[in-house]
Amino acid sequence: MFTRTIEPAFYDTDALGHVNNTRLPAWFELARNDLFKLFTPDLDPGRWRLIMARMEVDYRAELFYGRDIEIRTYLTRLGNSSFTVTQEAWQDGRMANLGHTVLVQFDHQAKRTVPIEGELREALAAHLQDTETVEA
């Protein structure tokens, strides 16, 4: 599992006084950089090997300015060429948001999927969790 701490900025909040729901997909993407580096270590877009097939976010509780948010990132499925990344946003000891993103290893020039094999598969498998929610 990868973890990343986010310090919400004032501009992340909305008129209702909590973190705006549009921030979570952006923070989840930022936290996926650790996984992206397994595919493209220097994050060079010219050598990018992934595409996104699906993204969903469950908003379970509000997040607030002035308190750090921990993003936990792990895999809940590892298929032949695709995998599901599950992410949790935690604040003050409770999970506030849960997201799932399906990513596919893809050859952009050939326009086809590519199997996940060898050391890459082993590196991804190290972050595979049995459950969708990892408790604190």
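None of the values given here were measured: they were computed from a predicted structure.
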When clusters are formed by joining ILVMFWY residues with side-chain heavy atoms under 4.5 Å apart, either directly or through shared neighbours, do [X] and [Y] land in the same one?
X	Y	value
Val57	Leu63	yes
Leu103	Leu38	yes
Met52	Leu124	yes
Val102	Met55	no
Ile116	Phe36	yes

Side-chain heavy atoms of [X] within contact of [Y], under 4.5 Å:
X	Y	value
Ile69	Pro8	yes
Tyr74	Val85	no
Asp34	Thr73	no

Qualifying salt bridge (Lys or Arg N to Asp or Glu O under 4.0 Å) pairs with a residue from residues 7-20, counting only residues at least two apart or across chains: Asp12-Arg23
Residues that, via side-chain heavy atoms closer than 4.5 angstrom, fall in one hydrophobic cluster with Phe64: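 None, because no other hydrophobic side chain comes under 4.5 Å of this residue.
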Connected-component partners of Phe106 among ILVMFWY, side-chain separation under 4.5 Å: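 Taking Ile, Leu, Val, Met, Phe, Trp and Tyr as members, Phe106 shares its hydrophobic cluster with Ile51, Val104.
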All side-chain contact (heavy atoms from CB on, under 4.5 Å) counterparts of Leu30, not counting sequence neighbours: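 For Leu30 the side-chain contact (heavy atoms from CB on, under 4.5 Å) partners, ignoring immediate neighbours, are Arg4, Ile6, Asn33.
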side-chain contact (heavy atoms from CB on, under 4.5 Å) involving Asn21 - partner list, sequence neighbours excluded: Tyr59
Partners passing side-chain hydrogen bond (donor to acceptor under 3.5 Å, both in side chains) against [X] (at least two apart in sequence or in another chain):
X	result
Thr101	Arg32
Glu29	none
Asp42	Arg47
Thr5	none

Inter- and intrachain pairs under side chain to side chain donor-acceptor pair (under 3.5 Å), touching residues 105-125, at least two apart: Arg49-Gln105
Test item: Asp44 side-chain N/O and Gly46 main-chain N/O as donor-acceptor pair under 3.5 Å: yes
Main-chain N/O of Thr3 paired with Glu70 side-chain donor or acceptor, under 3.5 Å: no
For Leu98 against Thr86, the heavy-atom pair lying closest together: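 Looking at all heavy atoms of both residues, the closest pair is CD1-CG2, 3.7 Å.
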Residue pair Glu62 / Arg94: nearest heavy atoms and the distance that separates them: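 Answer, listing the atom of Glu62 first, then Arg94: O-NH2, 2.9 Å.
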So how far is it from [X] [atom1] to [Y] [atom2], rounded to the nearest 0.5 Å?
X	Y	atom1	atom2	answer
Gln91	Arg67	CD	CZ	5.0 Å
Asn97	Ile71	CG	CD1	7.5 Å
Met95	Glu88	CE	CD	5.0 Å

Pairs involving residues 8-35, ordered by first then second residue, that meet ring-ring contact (aromatic ring centres under 6.0 Å, His included) (sequence neighbours left out):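 Listed by first then second residue: Phe10-Tyr65.
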Under 3.5 Å, sequence neighbours excluded: what are the donor-acceptor pairs made by side chains of residues 77-84?
unit_1: Arg77; atom_1: NE; unit_2: Thr84; atom_2: OG1; d: 3.2
unit_1: Arg77; atom_1: NH1; unit_2: Ser82; atom_2: OG; d: 3.4
unit_1: Arg77; atom_1: NH2; unit_2: Ser82; atom_2: OG; d: 3.0

